[in-house]
Amino acid sequence: MNLELDRHGSNPIYRPGEPIAITLSTNRDAYVYLFSIQADGRTHLILPNRFSGGNEFLRAGEVRTFPPPGASYRLTIAPPFGQAQVLAVASPRPLNFQEIASFEQSGSFADVRVRGSQLGNAIARAIIVEGIPSDQWVTATRFYRVAPR
């Protein structure tokens, strides 16, 4: 899996209110999931979301940007300030994250009940429950900093 942000470098800087776009590709057909981990450890499942409509399936070699052109949603940077990251998970089968993520009634993106440092273990447990061998799913991470204007 290849995961890129719309700003290059190992730790690009974004400011509150600025949009962010995430580009993904995989070398196998896969379902992809994106998590945003804020500087304070709060985590959100940003794909799938209430707007994606099943748009999380990628064909091998396909390159897709989130949000896609013409999407009815935007991904916008917000505090807290500090080190943040995007974590992507790719799996050959759909995964069920209902035990760790839930949509608030008016929310577009799901809140994740585990903090950023515990997310990897929660994802691994969800994958084990689905019975997917460890050599068939991958993760990728891209770091960025949120800085004041």
Side-chain angles (χ1 to χ4, degrees), residues 1-98 100-104 106-124 126-127 130 132 136-149:
M1 174 170 45
N2 186 40
L3 170 65
E4 298 295 333
L5 302 178
D6 59 347
R7 294 194 181 159
H8 300 289
S10 61
N11 199 15
I13 295 174
Y14 289 87
R15 313 256 185 232
E18 293 180 334
I20 185 171
I22 302 160
T23 301
L24 279 172
S25 62
T26 60
N27 62 0
R28 297 182 191 173
D29 291 355
Y31 292 87
V32 293
Y33 303 86
L34 291 172
F35 294 87
S36 169
I37 304 171
Q38 297 178 320
D40 63 2
R42 286 185 294 154
T43 304
H44 303 281
L45 178 63
I46 54 176
L47 185 73
N49 59 56
R50 289 192 168 158
F51 306 109
S52 63
N55 202 21
E56 61 273 6
F57 182 78
L58 271 70
R59 294 273 176 211
E62 178 182 5
V63 178
R64 194 169 308 155
T65 299
F66 299 95
S72 59
Y73 68 97
R74 289 177 26 150
L75 300 176
T76 305
I77 299 297
F81 301 118
Q83 187 68 60
Q85 61 184 299
V86 173
L87 171 70
V89 178
S91 165
R93 295 196 305 261
L95 298 174
N96 181 354
F97 288 121
Q98 288 181 348
I100 64 169
S102 62
F103 285 93
E104 295 297 323
S106 63
S108 301
F109 303 98
D111 287 325
V112 177
R113 288 185 280 280
V114 296
R115 299 204 42 96
S117 61
Q118 301 162 337
L119 182 60
N121 290 336
I123 291 170
I127 290 170
E130 298 294 327
I132 300 172
Q136 292 192 15
W137 60 275
V138 295
T139 63
T141 304
R142 287 292 173 260
F143 293 92
Y144 63 95
R145 292 196 56 78
V146 177
R149 290 201 169 268

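With hydrogens and angles disregarded, a donor-acceptor distance shorter than 3.5 Å links the side chain of Asp29 to the backbone of Ala60. Formation of a donor-acceptor pair under 3.5 Å by the Arg64 side chain with backbone atoms of Phe57 is found in this model. A donor-acceptor contact shorter than 3.5 Å is absent between the side chain of Ser72 and the backbone of Gly70.
Pairing each heavy atom of Tyr33 with each of Pro94, the nearest pair is OH-CA, 3.2 Å. Closest approach of Tyr73 and Pro68 over heavy atoms only: OH-CD, 3.7 Å. Listed here is the closest heavy atom pair of Leu3 and Ala88: CD2-CB, 4.0 Å. Closest non-hydrogen pair, Leu5 versus Phe143, comes out as CD1-O, 4.0 Å. Nearest heavy-atom pair across Ala147 and Ile13 is CB-CG2, 3.7 Å. Ser10 approaches Pro12 most closely through the heavy-atom pair C-CD, 3.9 Å.
Scanning for side-chain contact (heavy atoms from CB on, under 4.5 Å) contacts around Ala21 gives Asp6, Thr65, with sequence neighbours left out. Remark: Thr76 pairs with Arg74 by the side-chain contact (heavy atoms from CB on, under 4.5 Å) rule, at least two apart or across chains. Contacts of Arg7 classified as salt bridge (Lys or Arg N to Asp or Glu O under 4.0 Å), with partners at least two apart in sequence or in another chain: Glu18. With sequence neighbours excluded, the residues satisfying side-chain hydrogen bond (donor to acceptor under 3.5 Å, both in side chains) with Asn11 are Gln83. With sequence neighbours left out, the ring-ring contact (aromatic ring centres under 6.0 Å, His included) criterion links Phe66 to no other residue.
Between Pro16 and Phe81 there is a side-chain heavy-atom pair separated by less than 4.5 Å. Side-chain contact between Pro80 and Arg42 is present, with at least one heavy-atom pair separated by less than 4.5 Å. Using a 4.5 Å cut-off on side-chain heavy atoms (C-beta onward), Leu34 and Leu24 make contact. Residues Leu75 and Pro67 form a side-chain contact, since some pair of their non-hydrogen atoms from C-beta on lies under 4.5 Å apart. Two residues are said to be in side-chain contact when any heavy atoms from C-beta on lie closer than 4.5 Å; Ile22 and Leu47 fail this criterion.
Rounded to the nearest 0.5 angstrom, Met1 CE and Ser91 OG are separated by 10.5 Å. Within the model, atoms OG of Ser25 and CD of Glu62 stand 9.5 Å from one another, a figure rounded to the nearest 0.5 Å. Going from atom CD1 of Ile46 over to atom CG of Leu87 covers 10.0 Å, rounded to the nearest 0.5 Å.
Applying the salt bridge (Lys or Arg N to Asp or Glu O under 4.0 Å) rule to pairs touching residues 139-149 yields Glu4-Arg142, sequence neighbours excluded.
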